[in-house]
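A short write-up of the structure that comes next.
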Amino acid sequence: MAPELMERRKKERSNELPELKNTEKGVVMRMAPYPSGPLHIGNARMAILNDEYVKRYGGKLYLVYDDTIGSSEKIPDMEAYNLIADGLKWLGVDYHGVFYKSDRLEIFYEWAERLIKIGGAYVCECSAEELRKNREKGIECKHRQQSIEENLEKWRKMLNGEYGEGEAILRIKTDMKHPNPAFRDRVLSRISKREHPRVGDRYHVWPLLEFSWAVDDHLLGITHVLRGKDLVMEDMMEECLWKLFGIDGPEFIHYGMLRVKEAKLSKSKSGKEVRSGMFSGWDDPRTWSLQSLKRRGIKPEAIRSFILSFGLSQSDIEVPAENLYAENRKLIDADTHRRMFVPDPVKIVIKNMPDIGDVELANHPKEALGKRKITVKNEIYIAGEDFEKFRGKEIRLKDLFNIILDKEAGFTSISNKEIPRIQWVSEPIDVEVVMVDGTIKKGYGERSILDFKPDDMVQFERFGFVRIDSVEERRVRVYFAHP
RNA sequence: GCUCCCGUAGUGUAGCGGCCAAUCAUGCCGGCCUUUCGAGCCGGCGACUCGGGUUCAAAUCCCGACGGGAGCACCA
C-alpha cells in the first residue's frame, strides 16, 4: 500500500480519548462521589469520562456512593444522594448499578480481619501527632511488633466500642522507611462516633478510601479506574493490598487536576453557605453545582464538550468558564430569541418624535424566528450605563431612529447611521436578573418577555443570554447564563 | 524537606522520531454581513521552557536544569 495513505490516516484520527488497554474481558467502571453536596463542574469530568469510556466499549458503570463517615469538615449529607443522582441524569450519564459504602461495613470488617491474620496490618494506639512524627522520621512504634493474636484482640475491642475516637486505628504494614513518606504504614480503618445519615450510629469503625476500594474494586469486578492525579498514592496502596491478599484489581488511569477559574468554591464551603442561608440553595450560581448550571441555562451537552476538550491529559489546568460559555452559545444561539432589556433604567422623553406607530422587530437577526410588535411612545427607557456614557451625544436607538441623548432627547433622523446603537424599552415590565455572583440586577424589559415560559432561553441584546426562571403578571425573573 | 506527576500560542488541546515553516477550539485584532459590544463568514496575531546527548533526522527518545501541580489527614 502507498505509504502516503497510511500516513494520512494517522493524521485524521484525532481529538478522541485514547483507547483503554486490556479491554478483552469487558469494561466495568465506577464513579465514587462523596455525598456532601451535589456534583459540581469539576466532578463532571469524572462522570463524563467514565460515561464516555463505558459507552464506547459497551461496558458497565456503577455509581458507588463513597459515603464513609468522612471527617469533621467533610460529612455526608442525606440530601446529597439525590442531588448527585439528579445531576448525573441531567448530564446524560447512565449507570448500571448503585452501591453504598455505608452498606458494606461488614465486608470491610471481614477483610480487615483477614489482613490482620496474615500479618499485614496492626492496631496502633499512637496519637495522631505521634503517628505523624514517626512517619516523618521513619520510626516504627511499639504496636508494630504486636503478635497477630494481640492485634486481633485489639481489633475486636475496636469493633466492640471499647476505644474512643482517635484511641486506636488499623494500619497497614508497609515499610516505615519507605522513600515516599506518604506511603509509610497508612491508616486503613479508624473509629468515629459520629452519626451517619444513612446508617445512624450502627457502626463506629470506618474504613479509609484506599482500604475500602482495595476490597470493593476487587469485589465489584472493576476493570478500569479513572481518577484524578491526587489519588495516585491510593493506587499504590490498593495494589499493595491486593498483593497481600493475593487477588487482582483494575487498572488505574489518571487525569490532571482541573480548575474552572471562576469556580473557586469547594463543595464543603458552598455547603456552609447553603445551610447558613447566604446562598439561595444548592442551585445558587455561586456553588457552580450542576443544578446551578442547569438553572442558568447551560446545556448538559455544552458541559460534555467542554470536559471532553481537555482529553485525558495529566497536566493540571485552569480553564476560564468562557470556554464553557462558547460551547453553550454554539448550542443555543440559533434558536434563542432576542429581546431588549435595560438595567438601571433611565427614562428619556423624545421631542419632535415622528409618529411611527408600532414597530415590528425580528426575533433573531438571521434565523426565521418570527417577529414581535412594539408600541413606541415618546417616553422610553435606556440603560443607566448607556445614558451616562452617551449623554449629549447622538446615538441610535436600535431599530428605531437617531437622537441626541438626554433626559429630553431630540430626534435627529430616522436613517441608519454609523453611531453607537443602544437597546431601549418602550412598554416596560420589571425584569430581575440573577447574576453569576448571586447579585440581582434590576431593570426593565420589553412587554413580550411575558410570553416566555420557564426554561426558555433569551438573549438580552448587548447584555447576554439568560434563562427564564419565573414569569408573573408584570414581572419576570431570569438567571444570567453568559455573555 | 521527601515522593510522584506534568511542561506545545493568552487559555486549553492535537501531534509522540521524518509529512510540523506544528492541529483544533477559545481569546485577541481587522474586514464582511450593512441596526447587538451577540452569532455567522473571511483574514490576521500567537507556541514546541532551557541546556546537553542519541540519530542521517527530535516537539516527539535519554540525561540534567528550571518552572508548575499533587501527595506526605485517624478527608475523599
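Values below: all heavy atoms of this structure, side chains included; hydrogens, waters and symmetry mates excluded. Throughout, protein chains are lettered first and strands after them, A, B, ... in sequence-line order, and every chain is numbered starting at 1.
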(message) Rounding to an integer number of Å, can you tell me how far A:Y255 OH sits from B:rC5 P?
(response) 19 Å
Atom pairs and distances, donor-acceptor, side-chain atoms in residues 62-72 of chain A, under 3.5 Å, two or more places apart:
unit_1: A:Y65; atom_1: OH; unit_2: A:Y81; atom_2: O; d: 2.9
unit_1: A:D66; atom_1: OD1; unit_2: A:K101; atom_2: NZ; d: 3.0
unit_1: A:D66; atom_1: OD2; unit_2: A:W213; atom_2: NE1; d: 3.0
unit_1: A:D67; atom_1: OD1; unit_2: A:K101; atom_2: N; d: 3.1
unit_1: A:D67; atom_1: OD1; unit_2: A:S102; atom_2: N; d: 2.9
unit_1: A:D67; atom_1: OD1; unit_2: A:S102; atom_2: OG; d: 3.4
unit_1: A:D67; atom_1: OD2; unit_2: A:Y81; atom_2: OH; d: 2.5
unit_1: A:D67; atom_1: OD2; unit_2: A:S102; atom_2: OG; d: 2.6
unit_1: A:S71; atom_1: OG; unit_2: A:E73; atom_2: N; d: 3.4
unit_1: A:S71; atom_1: OG; unit_2: A:K74; atom_2: N; d: 3.2

(request) Taking all heavy atoms of A:K417 and all of A:S413, pick out the closest pair and write down the distance. (result) CE-OG, 3.8 Å
(message) Taking any heavy-atom pair under 4.0 Å as a contact, classify A:P420: base, sugar-phosphate, or nothing.
(response) nothing
(message) Over all strands shown, is A:D399 touching base, sugar-phosphate only, or nothing at heavy-atom distances under 4.0 angstrom?
(response) base
(message) Without decimals, in angstroms, what is the distance between A:I317 CD1 and B:rC5 C1'?
(response) 14 Å
(message) Using every non-hydrogen atom in the two residues, find where A:F183 and A:C240 come nearest and quote the distance to one decimal.
(response) CZ-CB, 4.4 Å
(message) Check for me whether A:R45 meets the cation-pi criterion with A:F310, that is, NZ or CZ under 6.0 Å from the six-membered ring centre and within 45 degrees of the ring axis.
(response) no
(message) What's the gap between B:rC16 and B:rG7 when it is taken at their C1' atoms, as a whole Å value?
(response) 15 Å
(request) Take atom CD of A:Q423 and atom P of B:rG38, then tell me their distance rounded to the nearest Å. (result) 13 Å
(request) Using the P atom on both, measure B:rA58 against B:rG51 and round to a whole Å. (result) 14 Å
(message) Quick check: any donor-acceptor pair below 3.5 Å linking the side-chain of A:R421 to the base of B:rU36?
(response) no
(message) What I want to find out is whether A:R329 reaches A:E322 closely enough, with some N-O distance under 4.0 Å, to be called a salt bridge.
(response) yes
(request) Sticking with atom C1', work out how far B:rA14 lies from B:rU55, rounded to a whole angstrom. (result) 25 Å
(message) Under the rule for side-chain contact (heavy atoms from CB on, under 4.5 Å), what residues qualify as partners of A:K133, not counting sequence neighbours?
(response) A:K137
(message) I'd like to check the side-chain contact (heavy atoms from CB on, under 4.5 Å) partners of A:K393; sequence neighbours left out, ordered by chain and number.
(response) none
(message) Rounded to whole Å, please give me the gap between CD1 in A:I332 and P in B:rG40.
(response) 12 Å
(request) Toss me the dot-bracket line for RNA chain B: Watson-Crick and G-U wobble, both under 3.5 Å, 5' to 3', using | for pairs to another strand and [ ] for crossers. (result) (((((((..(((.....[.....)))((((((.......))))))...(((((..]....))))))))))))....
(request) Among A:K229, A:R186, A:R227, find the residue that satisfies the salt bridge (Lys or Arg N to Asp or Glu O under 4.0 Å) test when tested with A:E234. (result) A:R186
(request) Could you tell me the separation between the CZ atom of A:R339 and the C1' atom of B:rU36, rounded to a whole number of Å? (result) 14 Å
Quick test: give all pairs of protein nitrogen or oxygen and nucleotides 60-66 of chain B nitrogen or oxygen below 3.5 Å, distance rounded to 0.1 Å.
none

(message) Check this for me, if you would: do A:E318 and A:R259 make a salt bridge, where the nitrogen-to-carboxylate-oxygen distance has to be below 4.0 angstrom?
(response) yes
(request) Round to a whole Å and report the spacing from CG of A:D235 to C1' of B:rA76. (result) 14 Å
(request) Could you pull out all residues at least two apart from A:Y381 that satisfy ring-ring contact (aromatic ring centres under 6.0 Å, His included)? (result) A:Y444
(message) Applying a 4.0 Å non-hydrogen cut-off, can you work out what A:S305 is touching in the nucleic acid: base, sugar-phosphate, or nothing?
(response) nothing
(request) Take the protein atom CZ of A:F480 and the nucleotide atom C1' of B:rG38, then report the distance between them rounded to whole Å. (result) 11 Å
(request) Pick base, sugar-phosphate or nothing for A:D386, based on heavy-atom distances below 4.0 Å to the nucleic acid. (result) base
(request) Apply side-chain contact (heavy atoms from CB on, under 4.5 Å) to A:K193 and list each qualifying residue two or more places apart in sequence or on a separate chain. (result) A:E165, A:I191, A:H204
(message) My understanding is that only residues two or more places apart in sequence, or in another chain, count here; which of them pass side-chain contact (heavy atoms from CB on, under 4.5 Å) with A:H337?
(response) A:R339, A:N363, A:L369, A:F452
(message) Salt bridge or not between A:R372 and A:D358? Use side-chain N to carboxylate O under 4.0 Å.
(response) no
(request) Please state the P separation for the pair B:rU23 and B:rG68 - nearest whole angstrom. (result) 29 Å
(request) Using heavy atoms to find the nearest nucleotide of RNA chain B for A:A334 and A:P179 separately, return the residue whose nucleotide is more 5′. (result) A:P179
(message) Pairing donors with acceptors under 3.5 angstrom, does anything connect the side chains of A:Y95 and A:N50?
(response) no
(request) State plainly whether the residues A:E162 and A:R156 are in salt-bridge range, i.e. N to O under 4.0 Å. (result) no
(request) State whether A:R304 and A:E301 are salt-bridged, where the test is any N-O pair (Lys NZ or Arg NE/NH1/NH2 against Asp/Glu carboxylate O) under 4.0 Å. (result) no
(message) Each nucleotide in nucleotides 26-31 of chain B should get exactly one letter: B, S or -. Can you fill that in based on protein heavy atoms under 4.0 Å?
(response) SS----
Listed pairs, N/O of protein and of nucleotides 69-74 of chain B, under 3.5 Å:
unit_1: B:rG69; atom_1: O2'; unit_2: A:D316; atom_2: OD1; d: 3.4
unit_1: B:rG69; atom_1: O2'; unit_2: A:D316; atom_2: OD2; d: 2.6
unit_1: B:rC74; atom_1: OP2; unit_2: A:R135; atom_2: NH2; d: 3.2
unit_1: B:rC74; atom_1: N3; unit_2: A:G166; atom_2: O; d: 3.4
unit_1: B:rC74; atom_1: N4; unit_2: A:C126; atom_2: O; d: 3.0
unit_1: B:rC74; atom_1: N4; unit_2: A:A128; atom_2: N; d: 3.1
unit_1: B:rC74; atom_1: N4; unit_2: A:G166; atom_2: O; d: 3.0

(message) With a cut-off of less than 4.0 Å, is there a side-chain N or O of A:S315 near OP1 or OP2 of B:rC5?
(response) no
(message) Taking B:rG52 as the reference, what is the distance to B:rU11 when you measure between their C1' atoms (whole Å, please)?
(response) 31 Å
(request) Write down the distance between CD1 (A:I84) and C1' (B:rA76), rounded to a whole number of angstrom. (result) 12 Å
(message) Taking the nucleotide of RNA chain B with the nearest heavy atom to each, does A:H178 or A:E385 sit closer to the 5' end?
(response) A:H178
(request) For nucleotides B:rG31 and B:rC66, find the distance between their P atoms and express it as a whole number of Å. (result) 48 Å
(message) Please list, in numerical order, the residues of residues 33-45 of chain A that have a heavy atom closer than 4.0 Å to any atom of RNA chain B.
(response) A:Y34
(request) May I ask you to check whether over 12 heavy atoms, not counting those of A:E251, lie within 6.0 Å of atom CD? (result) yes
(message) Classify A:Q314 by what it touches in the nucleic acid, base, sugar-phosphate, or nothing, heavy-atom distance under 4.0 Å.
(response) sugar-phosphate
(request) Sticking with atom P, work out how far B:rC29 lies from B:rA39, rounded to a whole angstrom. (result) 12 Å
(request) Quote, to the nearest angstrom, the P distance that separates B:rG18 from B:rA59. (result) 10 Å
(request) Applying salt bridge (charged side-chain N to carboxylate O under 4.0 Å, His left out), name anything that partners A:R30, two or more places apart in sequence or on another chain. (result) A:D217
